Amino acid sequence: MTAASSVIATPSSLSLARTARGMTQNELAERSRVSQAYLSKAEKGAVELSGERLAQVADALGYPVEYFATDPGAEPAATACAFPRKRNSLPTSTEKRVRALLQLTRMQVEPLLDDRVPAVIVPRRDPEDEDWITAVEMAEQVRTQADMPRGPIDNIVQFAERLGVVVVVRDLGNRRLDAIGQWPIGHRPLMLVNASAPADRARFTLCHELGHAVMHTVVRPNQEEEADRFAAALLMPSADARDVFAGEVSLPRLAELKPIWGMSMASLARRAWTAGRISDYRYRQLNIELSAAGYRLTEPIQLRSERPSLLPASLARHLAAGENTISLARRARMKPDEFSSLYLEDAA
Amino acid sequence: MSTPIAVKVTRARLLLRDRILMLGVGSDARLLAGAVDQAIGGFVVAGADARKAVHALHGIYPDMVLIEQPDIHELREATPYKPFPFEDEPNPDVPTLFHVQRTLQDYLDEQLRNGASLALLPTGFIAAEEFSTLTAVIETANKLKREDVVLHLPVSYKWLSDAAARAKLAKAVRRSRHPVAISMAYKGDPASQSGVAEGIHTLLAAAADNVLLWHADLGALDALANGALGGAVGVTASKRHITEPGETAYSPSVHDKSPNVLLPSHLRFGKSHDMSIKFFANGGEPTCDCGTCHGRGLCRFTAADRSVQEAHQHNLAVLNSLHRRILGSGDRKACWADMLAEADAAHAATALEIQVTAFKPAGALKRWIELNPVLRTTA
């Protein structure tokens, strides 16, 4: 362990922590009483941030001084693509904050996973096959890997976790962002899901992010549409869609299917259309009916929210083995209070 | 990963290049074979008696391009494990000492021995989003190192209307060692669904010289003008598209048994009786100068067998003439654009004459006019 007094903050640790907290350099300067000019130079590596100044900055950001000894910029995760599922109106500053939060969460979570956490068995599309293997085929491959070729997935979070994906549900501070995910080479896929998303949307979002993880190592022009196709096919395979929508597709039928398949009525209508079960005309009609009924804003039938268990179970095992909040927080390079509120409530 | 295969000049490609075949059941084939222009046409015989009909026709017209179509796609879906779900029991007509299951090669050889010019693969229906199945179809077919085979792809219309599916289909067509005959399934006219007409053009832009538009209507001509290898036009409306296994086709006029008649100047099909009521009740009925019609009106056809047969003969004569016009032009796209412009103008003139504004280009014709860059800019 690095002695706090001897730590010199790495430039990337400083800028990552500040961005994840949603602070500007001026705001941090005000709170830490270290000048903005000095902070700016420290983030560029032009001056050293250590000793009393670092202690003030660490306190203002709410991280232990030891955290600043890390070099997140040197991690593969720093350059790997992260894919946020968001509305277009999301401010760039919020997106940057959540990207930083994702990287920070990875740094916190990875040291907490023990050797009983399931191995990563998610298939990954070879970039050479990007133009040949479709999103629907990748969804089939993921289901095959999970030994679940057909049928509803009762709990999508547990499904992902069985494949070795780490899911963290967290308040992302903005309802216009549903989730962000990333799978850097040599690491586990990590999905950060917004706690404020309704359960049906959260399920689709998690599948969407999983789609990015298995299909996109670099940015592609149609990546959002591909991830949506993946999500729809993962939640309801094509063969199931053909069976389920063999008869009349109406709003009551969609409402009946919603709790079974854990998909919103709007997603189910689209699934029927993409599977070729309803015509363009019927799909348009259903969308008009959904709008007229007010279901575009709030759908009937609430699904139960799904909580992750992979990380909490690992933490519970650490605690049972004699570790405590302080030692685990140190692993995560966090202050014990914040660590406890973010990670230990589910492990209890 | 299977890699794209450069389109090779196979016997199948040579024989089918620029050809528009007629596609119908055995009785259609027996009726129309004599009127087929053997230099540019031929016959695809479907239905239960296809084998018998092909054999008989080959005896009478030994030089005609004949294809026997196994209608397996009407009954069974293809799967990644069984892309060609034909009966592998031995042909009961061929005595054997031992029970040996038929292979795909045997199945194709039987078609050729029976008199078919080329063998058509017995592909099961490929439903929407069955991407793994399509991959299996292509890979299995590519293992057949022969030059006398046509790969039939009976697919949901979604394969053409959906951009992701179309992209996969285009790549699959490019990877196919054999020419690919694409049939689209929908309860009604597949071209009525948004994106289908555009989808065919996009597919042709990517892989035109390996594509035959099968179970088509005048879309076969549109495809040919846009570079397709060839096509097959259904004799009856029910053969101008396919339906998914277990589904029945939708007909807008179930009780009207009069035949669908091709109006040459308007590039459209219409039911004879229906048109006589809807559009030409007060006169203005289009006439035709083909060898069957000799200047008579096109609403004269009735549901009587002989009249239906005559309508089919008229349709074939018109189709031959349109086909020849495209083949004879130096620039096929420009020629087709002219034909579309003429059809558009003919609709306007007829609508004015009969005072029925509803008589205007519809469905696929409307889309082709909209899609044509020349007509679009002058519209």
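Naming: A, B, ... by sequence-line order, numbering from 1 per chain. Everything numeric in this text was worked out from a predicted model, so none of it was measured.
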Is the number of heavy atoms from other residues, nucleotides or ligands under 6.0 Å of R150(A) CZ greater than 12?
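Above 12, so yes.
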Over 12 non-hydrogen atoms of neighbours within 6.0 angstrom of CZ in R124(A):
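For R124(A), atom CZ is crowded (more than 12 foreign heavy atoms under 6.0 Å).
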Could you tell me if the side chain of E129(B) sits less than 4.5 Å from the side chain of T134(A), heavy atoms only?
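No; the side chains remain at least 4.5 Å from each other.
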Using side-chain heavy atoms (C-beta onward) and a distance below 4.5 Å, is I133(A) in contact with F131(B)?
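Side-chain contact under 4.5 Å: no.
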Calculate, to the nearest 0.5 Å, the distance between atoms [atom1] and [atom2] belonging to [X] and [Y] respectively.
{"X": "E137(A)", "Y": "E130(B)", "atom1": "CD", "atom2": "CD", "result": "9.5 Å"}
{"X": "Y281(A)", "Y": "S192(B)", "atom1": "OH", "atom2": "OG", "result": "13.0 Å"}
{"X": "S194(B)", "Y": "R284(A)", "atom1": "OG", "atom2": "CZ", "result": "6.5 Å"}

Distance-minimising heavy-atom pair for S238(A) and A128(B)
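Minimum heavy-atom contact is CB-O, 4.2 Å.
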Considering only heavy atoms, which portion of A185(B) lies under 4.5 Å from any heavy atom of chain A: side chain, backbone, both, or neither?
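A185(B) has no heavy atom closer than 4.5 Å to chain A.
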So, Q193(B) versus S279(A): side-chain donor-acceptor pair below 3.5 Å or not?
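Judged by distance alone, the side chains do not pair up.
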Ion pair check, E130(A) and K168(B), cut-off under 4.0 Å
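Salt bridge between E130(A) and K168(B), a charged N being under 4.0 Å from a carboxylate O: no.
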Between chain B and each of R229(A), E225(A), E226(A), count heavy-atom pairs under 4.5 Å; write down the option with the most.
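Most pairs with chain B among the choices: R229(A).
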Is K158(B) reaching over with its side chain to a backbone N or O of R277(A), donor-acceptor style, under 3.5 angstrom?
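Flag not set: sc K158(B) to bb R277(A) has no pair under 3.5 Å.
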